[in-house]
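To start, the structure itself, in structure tokens.
Note that these values count all heavy atoms, side chains included, but never hydrogens, waters or copies made by symmetry.
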Amino acid sequence: MGKDEEEQESRGFKVQDRRRFVDADDQTAPAPEPEPEAPRPEPTSAPTAAGPESEAPPYVDDDAEQGGFGEMNFSTFVMGLTTQALMHLGEIPDPMHETVHHDLPAAKQMIDLLGILREKTKGNLDAAEEQLLGEMLYDLRMRYVEVARSR
């Protein structure tokens with residue numbers, strides 16, 4: 001070693017590990033036990049957007065049992081917005097309170113949102129997605145007019 005190398009080593013710093021390690025034989029505290037899993041609700045079938053005769057219990061996704069929310073795609077997004085609009089139109093009960101109520105301004109807002117979505121996604125959807133969005137929008141608009149006239 002030359003003088004320059006020794007000088008650089010003396011300028012450095014020393015690392016000393018001060019962690020305490022416990023031997024496996026010397027452990028006095030028992031390892032924590034894993035908590036038992038909470039029971040999971042049974043899955044039910046998904047509600048349909050057919051009308052008031054299709055009053056089904058709240059939807060529970062099979063994938064929710066595995067900690068996920070299931071596959072989210074454009075069709076499930078459209079169906080979620082449609083379900084909210086049907087709830088505001090009084091066609092299906094509110095899943096939180098199990099009551100049917102009419103909120104026409106909220107229903108109109110959801111229908112308008114679907115209309116904007118159709119406008120902004122024009123040319124970017126496949127045939128099935130375009131058909132689903134078009135049919136849901138038409139159905140919701142007809143139901144809205146029917147409910148608005150009856151009030």
May I ask you to decide if Val78's main-chain N or O and Thr82's side chain share a donor-acceptor pair within less than 3.5 Å?
yes
Heavy atoms, side chains only, cut-off 4.5 Å: are [X] and [Y] in contact?
| X | Y | value |
| --- | --- | --- |
| Met136 | Leu81 | no |
| Met110 | Leu89 | no |
| Asp139 | Arg143 | yes |
| Val100 | Pro93 | yes |

Go through the structure and list residues passing side chain to side chain donor-acceptor pair (under 3.5 Å) with Asp112, not counting sequence neighbours.
Lys108
Here the gap from Ile111 atom CD1 to Leu140 atom CG, rounded to the nearest 0.5 Å, amounts to 5.0 Å
Would you compute the distance between atom CG of Leu86 and atom CE of Met79 and round it to the nearest 0.5 angstrom?
8.0 Å
Side chain to side chain contact (heavy atoms under 4.5 Å, CB included) between Met87 and Thr83, worked out:
CA-CA 6 Å; Met87 183 185 69; Thr83 302; 5.7 Å; no
Is there a side chain to side chain contact (heavy atoms under 4.5 Å, CB included) between Asn73 and Glu129? Walk through the geometry before answering.
CA-CA 10 Å; Asn73 56 32; Glu129 292 169 338; 5.7 Å; no
Hydrophobic cluster mates of Met142, side-chain heavy atoms under 4.5 angstrom, ILVMFWY only, any path?
Tyr138
What one should report as the nearest heavy-atom pair of Ala107 and Ala85 is CB-O, 4.1 Å
Give the C-alpha distance, both sets of side-chain angles, the deciding distance and a yes or no for side chain to side chain contact (heavy atoms under 4.5 Å, CB included) between Phe74 and Leu132.
CA-CA 10 Å; Phe74 186 77; Leu132 174 71; 5.9 Å; no
Which residue pairs satisfy the side chain to side chain donor-acceptor pair (under 3.5 Å) criterion with at least one member in residues 113-126, sequence neighbours excluded?
Arg118-Glu130
